[in-house]
Q: 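Quick one: the structure is below, questions incoming.
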Amino acid sequence: EETFGSIMHCSNSVKSVLDFDADQILGTSILSMIPQAFRNFYTQSITSSCEGRGNQILHNQFVSFISHNSGFMIETNVCMDIHPYMQQGIYVDILFRPTNTDLDYLILSEDGKITAFTERVGRQLGLIEFKQLNMKADIPIKFLCAELDRVNKAFTMVASHFNDKNYEGD
């Protein structure tokens with residue numbers, strides 16, 4: 001039975017920090033707790049680390065984000081380790097420790113959708129209330145301001161120029 005990424009155990013702090021009951025998340029995928037913008041990174045990094053190739057994130061601490069039940073994200077220090085068991089197979093333990101930071105984040109997709117945000121900026125901009133009413137709906141950046149949509153399009157155009165195979169750095 002494939003259980004890659006399934007949450008097998010969690011501490012009681014999942015309620016106080018993320019406002020989830022343990023039985024809400026046990027058996028679900030860890031990716032459901034990770035903001036969309038970071039899911040591919042987790043999948044690729046964990047897979048390549050377990051296979052002993054690529055980006056080694058095991059045994060190293062890094063900063064990332066995890067989703068709160070209210071829809072915003074929390075900056076965390078992440079520690080990962082791998083534990084082989086004879087009968088159960090390989091387990092990847094992931095420890096999320098919230099950081100104490102004053103930084104705020106608003107993460108956009110290339111097509112101008114707000115994919116994640118921290119609590120303070122989410123409250124100030126009304127994004128948390130929007131997410132609670134429309135949990136599955138994407139939030140277009142132009143929901144906040146048409147100028148921000150134009151800025152996002154400009155950044156996307158510049159980024160695509162730098163990612164172009166023919167770009168030689170001139």
Side-chain angles (χ1 to χ4, degrees), residues 5 7 9-22 24-26 28-46 48-49 54-81 92-163:
I7 299 172
H9 175 75
C10 63
S11 69
N12 292 333
S13 63
V14 75
K15 180 65 176 169
S16 61
V17 175
L18 301 176
D19 196 33
F20 283 102
D21 290 322
Q24 277 181 284
I25 62 171
L26 289 175
T28 65
S29 171
I30 187 62
L31 295 179
S32 66
M33 305 285 296
I34 306 297
Q36 183 69 37
F38 302 98
R39 290 181 184 171
N40 282 342
F41 167 77
Y42 273 83
T43 302
Q44 291 171 355
S45 296
I46 292 171
S48 65
S49 290
N55 182 12
Q56 294 294 323
I57 62 171
L58 296 176
H59 316 295
N60 293 315
Q61 182 173 301
F62 59 95
V63 175
S64 189
F65 300 91
I66 193 163
S67 299
H68 187 276
N69 197 17
S70 294
F72 60 88
M73 65 181 184
I74 298 172
E75 183 178 320
T76 62
N77 287 318
V78 181
C79 300
M80 296 181 147
D81 202 358
V92 176
D93 293 332
I94 305 174
L95 179 63
F96 293 94
R97 290 186 184 127
T99 60
N100 189 10
T101 182
D102 290 330
L103 297 176
D104 286 308
Y105 298 92
L106 183 69
I107 299 176
L108 304 175
S109 63
E110 290 179 357
D111 62 351
K113 303 285 192 280
I114 298 171
T115 63
F117 49 87
T118 50
E119 182 177 18
R120 185 171 45 205
V121 76
R123 291 202 189 287
Q124 290 173 347
L125 299 176
L127 301 173
I128 292 174
E129 293 79 17
F130 183 90
K131 279 304 258 184
Q132 288 174 339
L133 294 172
N134 306 292
M135 210 47 148
K136 299 287 184 196
D138 289 327
I139 305 172
I141 190 66
K142 60 186 169 186
F143 169 81
L144 299 178
C145 174
E147 287 79 15
L148 290 175
D149 187 45
R150 288 192 288 274
V151 168
N152 185 65
K153 288 178 182 175
F155 275 120
T156 301
M157 187 171 62
V158 169
S160 69
H161 176 73
F162 282 103
N163 291 330

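Sequential numbering from 1 along the given sequence is applied to the chain's residues.
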Q: Would you say Ser13's side chain and Val17's backbone share a donor-acceptor pair under 3.5 angstrom?
A: no
Q: Could you check Gln36 against Ile107 for side chain to side chain contact (heavy atoms under 4.5 Å, CB included), going step by step and ending with a plain yes or no?
A: CA-CA 10 Å; Gln36 183 69 37; Ile107 299 176; over 6 Å; no
Q: Please identify which of these residues, Ile34, Val63, Leu95, Ile94, meets the side chain to side chain contact (heavy atoms under 4.5 Å, CB included) condition with Val78.
A: Ile94
Q: Does any part of the side chain of Leu127, heavy atoms only, come nearer than 4.5 Å to the side chain of Leu144, both counted from C-beta?
A: yes
Q: Roughly how far, to the nearest 0.5 Å, is the CD1 atom of Ile114 from the NZ atom of Lys131?
A: 9.5 Å
Q: Run the ring-ring contact (aromatic ring centres under 6.0 Å, His included) check on Phe117 and Tyr105 step by step: do they pass?
A: CA-CA 5 Å; Phe117 49 87; Tyr105 298 92; over 10 Å; no
Q: Roughly how far apart are Ile141 CD1 and Leu108 CG, rounded to 0.5 Å?
A: 4.5 Å
Q: Could you tell me if the side chain of Glu119 sits less than 4.5 Å from the side chain of Ile74, heavy atoms only?
A: no
Q: With heavy-atom distances below 4.5 Å as the criterion, would you say the side chains of Phe20 and Met33 are in contact?
A: yes
Q: Once ring pair (Phe, Tyr, Trp, His ring centres under 6.0 Å) is applied, do any residues pair with Phe72, and if so which ones, sequence neighbours excluded?
A: His68
Q: Is there a donor-acceptor contact under 3.5 Å from the side chain of Arg39 to the main chain of Leu31?
A: yes
Q: For the backbone of Thr118 and the side chain of Arg123, can you confirm whether one donor and one acceptor N or O come within less than 3.5 Å of each other?
A: no
Q: Is Asp21 close to Lys15 at the side-chain level, that is, under 4.5 Å between some pair of heavy atoms?
A: yes
Q: Rounded to the nearest 0.5 Å, what separation is found between the CD atom of Gln132 and the CG atom of Asn69?
A: 9.0 Å
Q: Would you name the heavy atoms of Asn152 and Glu110 that are closest together and state the gap between them?
A: ND2-O, 3.5 Å
Q: Looking only at atom types and distance, does a side-chain atom of Ser32 sit under 3.5 Å from a main-chain N or O of Ser29, one as donor and one as acceptor?
A: yes
Q: Once you round to the nearest 0.5 Å, how far does CZ of Phe96 lie from CG of Leu18?
A: 9.0 Å
Q: Looking only at side chains, do Thr99 and Thr101 share a donor and an acceptor under 3.5 Å apart?
A: no
Q: Could you label the plane-to-plane angle of the Phe41 and Phe62 rings as parallel, tilted or perpendicular, counting under 30° as parallel and over 60° as perpendicular?
A: perpendicular
Q: Checking the side chain of Thr115 only, and the main-chain atoms of Ala37 only, is there a donor and an acceptor separated by less than 3.5 Å?
A: no
Q: What is the distance from atom CD1 of Ile128 to atom CG of Leu133, rounded to the nearest 0.5 Å?
A: 12.0 Å
Q: From Cys10 SG over to Gln24 CD, what is the distance, rounded to the nearest 0.5 angstrom?
A: 10.0 Å
